Amino acid sequence: EQDAAYYQQGNIQVTADIHQAGLQAYHVAVWEQFQIQGQIIAPLLTGNDLWGLLCIHQCDRPRQWQAEDVQFAAEIAVELGVAVQQAQFRAQTHLQAVALQQAAEQQWILFEVVAKIRESLDLDVIFKTTTQEVCQLLQADRVAVYRFYPDWSGEFVAESVAPGWV
């Protein structure tokens with residue numbers, strides 16, 4: 001949490017030599033596992049949220065990072081943050097478009113079912129037509145209408161079953 005708060009503020013960590021930087025022992029232990037000698041860590045921010053980190057490692061030796069290196073890492077991190085934000089926005093927009101399309105399709109299905117229901121006044125025909133249309137249009141395996149009696153027993157009054165199902 002402490003590290004996240006540091007990066008959340010937009011801070012960049014520049015380490016020339018992990019063994020000479022006065023780092024916490026757990027940081028050094030983790031970085032040694034990856035053979036890291038020096039590094040630049042820049043936050044990837046989406047708005048004010050810390051999405052991740054851009055980590056640039058020097059593994060063969062410690063490295064004195066130049067100001068241009070740090071500036072380059074900062075600029076790349078900003079661009080990556082913007083790219084993540086745009087990708088999230090596109091994904092959200094796509095989900096909204098899919099939801100709108102599904103809603104429109106459901107409205108059309110409802111319109112078609114209601115139109116076929118209105119073609120008859122016979123309840124048996126209405127239930128049969130409705131279960132068949134809904135089963136077909138929603139590509140469901142089974143659609144049924146179940147009627148309750150006053151004692152809460154009941155019966156299926158109409159059912160449509162897709163091919164291959166009993």
Side-chain angles (χ1 to χ4, degrees), residues 1-115 130-146 148 159-165:
E1 290 179 14
Q2 182 180 5
D3 292 340
Y6 174 81
Y7 293 115
Q8 179 82 34
Q9 297 170 5
N11 294 313
I12 297 174
Q13 182 183 32
V14 179
T15 306
D17 184 344
I18 66 167
H19 298 288
Q20 303 298 319
L23 300 170
Q24 298 286 335
Y26 70 90
H27 281 131
V28 174
V30 169
W31 293 335
E32 282 178 338
Q33 290 177 356
F34 296 102
Q35 301 175 329
I36 298 168
Q37 297 291 317
Q39 66 182 352
I40 299 173
I41 300 177
L44 301 178
L45 299 170
T46 56
N48 293 325
D49 297 325
L50 179 63
W51 183 88
L53 300 171
L54 172 63
C55 303
I56 302 169
H57 300 142
Q58 186 69 43
C59 296
D60 64 341
R61 59 181 161 69
R63 178 172 175 173
Q64 291 299 321
W65 300 96
Q66 302 301 310
E68 300 83 33
D69 301 332
V70 177
Q71 182 62 34
F72 179 74
E75 290 172 7
I76 293 295
V78 167
E79 292 301 321
L80 287 174
V82 169
V84 168
Q85 231 173 344
Q86 288 174 340
Q88 290 173 335
F89 178 73
R90 277 194 305 270
Q92 182 182 11
T93 302
H94 176 74
L95 289 176
Q96 289 172 342
V98 168
L100 285 173
Q101 181 180 2
Q102 288 173 338
E105 288 172 359
Q106 287 176 347
Q107 286 298 315
W108 180 250
I109 290 167
L110 179 61
F111 173 78
E112 288 183 349
V113 169
V114 168
T130 300
T131 56
Q132 289 173 347
E133 290 297 318
V134 171
C135 192
Q136 178 185 358
L137 292 169
L138 294 182
Q139 299 175 349
D141 296 324
R142 175 176 286 121
V143 175
V145 174
Y146 187 83
F148 287 109
E159 182 178 34
S160 178
V161 181
W165 299 97

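Quick caveat, the model's predicted, so the values are computed rather than measured.
- Atom CZ of F72 has 12 or fewer heavy atoms from other residues, nucleotides or ligands within 6.0 Å.
- Atom NE2 of H57 sits about 8.0 Å away from atom CH2 of W31, to the nearest 0.5 Å.
- Minimum interatomic distance between I36 and G38 (heavy atoms only, all atoms of both residues): CG2-O, 3.5 Å.
- Here the CG-CG distance, from D3 to N11, works out to 11.5 Å after rounding to the nearest 0.5 Å.
- Rounding to the nearest 0.5 angstrom, the gap separating the CG atom in L44 from the CG atom in L50 is 7.5 Å.
- Atom NE2 of H94 and atom CD of Q101 lie 9.0 Å apart (nearest 0.5 Å).
- Crowding of Q96 atom CD: a count of heavy atoms from other residues, nucleotides or ligands under 6.0 Å exceeding 12.
- Contact between A42 and A77 at its shortest, heavy atoms only, is CB-CB, 3.7 Å.
- Side chains of Q102 and Q106: a donor-acceptor N/O pair is absent below 3.5 angstrom, by distance only.
- Counting all heavy atoms, side chain and backbone alike, L54 lies closest to L80 at CD1-CD1, 4.2 Å.
- Rounding to the nearest 0.5 Å places CZ of R63 at 13.5 Å from CG of D17.
- Applying the 6.0 Å contact sphere to CZ of F34 captures no more than 12 heavy atoms from other residues, nucleotides or ligands.
- Side-chain atoms of T15 and H27, non-hydrogen and from C-beta on, never get closer than 4.5 Å to each other.
- Listed here is the closest heavy atom pair of S160 and C135: OG-CB, 3.6 Å.
- Residue F111 places its CZ atom among 12 or fewer non-hydrogen atoms of other residues, nucleotides or ligands, all under 6.0 Å distant.
- No side-chain donor from either of Q71 and D69 sits under 3.5 Å from a side-chain acceptor of the other.
- L53 CG to L45 CG: the interatomic distance, rounded to the nearest 0.5 Å, is 9.0 Å.
- Q88 and Q92 form no side-chain donor-acceptor contact under 3.5 Å, judged by distance and modelled atom types alone.
- Looking at every heavy atom in both residues, E159 comes nearest to T131 through C-OG1, 3.9 Å.
- Annotation for W165 and R142: closest pair CB-NH2, 4.4 Å, computed over non-hydrogen atoms.
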